[in-house]
> 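Just dropping this structure here.
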Amino acid sequence: MVECRSLPQMCLLGPMPPRTPGRSDAQVPSDADRGESKYGRIAFVYFYQEGAQADPAFGLLDIEIAIQRRGANAFQFEIYCIGDGYQSGHGSSKPQPLSIEFRVGARTAARADWPYPTILNGHMDALTFSAPIALSDGDFEQIDSAWLPSVRAEATICLE
């Protein structure tokens, strides 16, 4: 077992992209008709052992993030991604969950933590998570980005 760390990532938030033949449909929110939502996508988050930035242990690909209004001051956070276990090992969020900060400019308006399941070596598996998130109606209107700070993870290296 080795400890790894992700690099920080961010994305802008806006409306869900329209359906088009050349791009897969958005996976979150799971039911777009339930309320207004803010959507963003991050291409990848990889986890690296210290000093080995050229060889990630595992990662999360095509991360889709959404916050959806479900009522007055009631919001749901959803995330969808693909776990990339086709690197040098499998990984776990045991040391620290993935954190997602929803920002208005530089201010964090809300935060969600996701203890993602184990990313299995030799697998590309879809991962999902949904949870209520504390947020005011005013902050929801102003949220413009999602920030994923650097977090720790455990990896079991599986080199042949």
> From Gln9 CD over to Ile100 CD1, what is the distance, rounded to the nearest 0.5 angstrom?
12.5 Å
> Among Asp84, Leu120, Thr118, whose side-chain contact (heavy atoms from CB on, under 4.5 Å) with Asp125 holds?
Leu120
> What pairs with Glu64 under side chain to side chain donor-acceptor pair (under 3.5 Å), at least two apart in sequence or on another chain?
Tyr39
> Under the rule for side chain to side chain donor-acceptor pair (under 3.5 Å), what residues qualify as partners of Ser150, not counting sequence neighbours?
Arg5
> So, the side chain of Thr108 versus the backbone of Glu101: is there a donor-acceptor pair under 3.5 Å, distance only?
no
> Can you name the residues that form a ring pair (Phe, Tyr, Trp, His ring centres under 6.0 Å) with Phe44, not counting sequence neighbours?
Tyr46
> Under the ring-ring contact (aromatic ring centres under 6.0 Å, His included) criterion, do Phe58 and Tyr86 qualify, and how do the steps go?
CA-CA 7 Å; Phe58 69 96; Tyr86 282 104; over 10 Å; no
> Going only through I, L, V, M, F, W and Y residues with side-chain contacts under 4.5 Å, is there a path from Leu148 to Phe129?
yes
> Could you check if a side-chain atom of Tyr48 sits within less than 4.5 angstrom of a side-chain atom of Cys4, using non-hydrogen atoms only?
no
> Applying side chain to side chain donor-acceptor pair (under 3.5 Å), can you list everything that pairs with Asp113, at least two apart in sequence or on another chain?
Ser99, Arg111
> For Pro115 versus Ser93, what's the shortest heavy-atom pair and its separation?
C-OG, 3.3 Å
> Determine whether the aromatic ring centres of Phe75 and Phe140 lie less than 6.0 Å apart.
yes
> Output all residues satisfying side-chain contact (heavy atoms from CB on, under 4.5 Å) with Asn121, sequence neighbours left out; order by chain, then residue number.
His90, Cys158
> Is any side-chain heavy atom of Gln68 closer than 4.5 Å to one of Met16?
no
> Can you check whether Ile67 reaches Ile143 side chain to side chain, under 4.5 Å on heavy atoms?
yes
> Does a side-chain heavy-atom distance below 4.5 Å link Leu13 with Phe102?
yes
> So, the side chain of Ser92 versus the backbone of Lys94: is there a donor-acceptor pair under 3.5 Å, distance only?
yes
> Are Leu7 and Phe47 joined in one hydrophobic group, where the rule is that I, L, V, M, F, W and Y side chains link up if heavy atoms are under 4.5 Å apart?
no
> Provide the full list of side-chain hydrogen bond (donor to acceptor under 3.5 Å, both in side chains) pairs with a residue in residues 130-140, sequence neighbours left out, each pair given once.
Arg69-Asp137, Gln76-Ser130, Arg107-Asp139
> Are the side chains of Val45 and Ile63 in touch, meaning some heavy atoms are under 4.5 Å apart?
yes
> Tell me the closest heavy-atom pair linking Ala110 and Ile133, and the distance in Å.
CB-CD1, 3.9 Å
> Are the charged groups of Arg34 and Glu78 less than 4.0 angstrom apart, N to O?
no
> Using the side-chain contact (heavy atoms from CB on, under 4.5 Å) criterion, which residues pair with Pro95? Sequence neighbours excluded.
Arg152, Glu154
> Can you give me the closest heavy-atom contact between Pro149 and Ser6, atom names plus distance?
O-OG, 3.9 Å
> In terms of hydrophobic clustering (I, L, V, M, F, W, Y; side-chain heavy atoms under 4.5 Å; direct or indirect links), are Tyr116 and Val151 co-clustered?
yes
> With a cutoff of under 4.5 Å between side-chain heavy atoms, which Ile, Leu, Val, Met, Phe, Trp and Tyr residues group with Met10?
Leu12, Trp147
> Do Ile65 and Ile42 come within less than 4.5 Å of each other through their side chains, counting heavy atoms only?
yes
> With sequence neighbours left out, write down each residue that passes side-chain contact (heavy atoms from CB on, under 4.5 Å) with Ala126, or none if nothing qualifies.
Tyr80, Ile82
> First locate atom CD of Glu36, then atom CZ of Arg70, and finally report the distance between them rounded to the nearest 0.5 Å.
13.0 Å
> Could you work out, with side-chain contact (heavy atoms from CB on, under 4.5 Å) as the rule, every residue matching Leu127, not counting sequence neighbours?
Leu60, Cys81, Trp114, Pro117, Ile119
> Could you tell me which non-hydrogen atom of Gly105 sits nearest to which non-hydrogen atom of Ser145, and how far apart they are?
O-OG, 4.5 Å
> Quick one: side chain to side chain donor-acceptor pair (under 3.5 Å) partners of Gln49, sequence neighbours excluded?
none
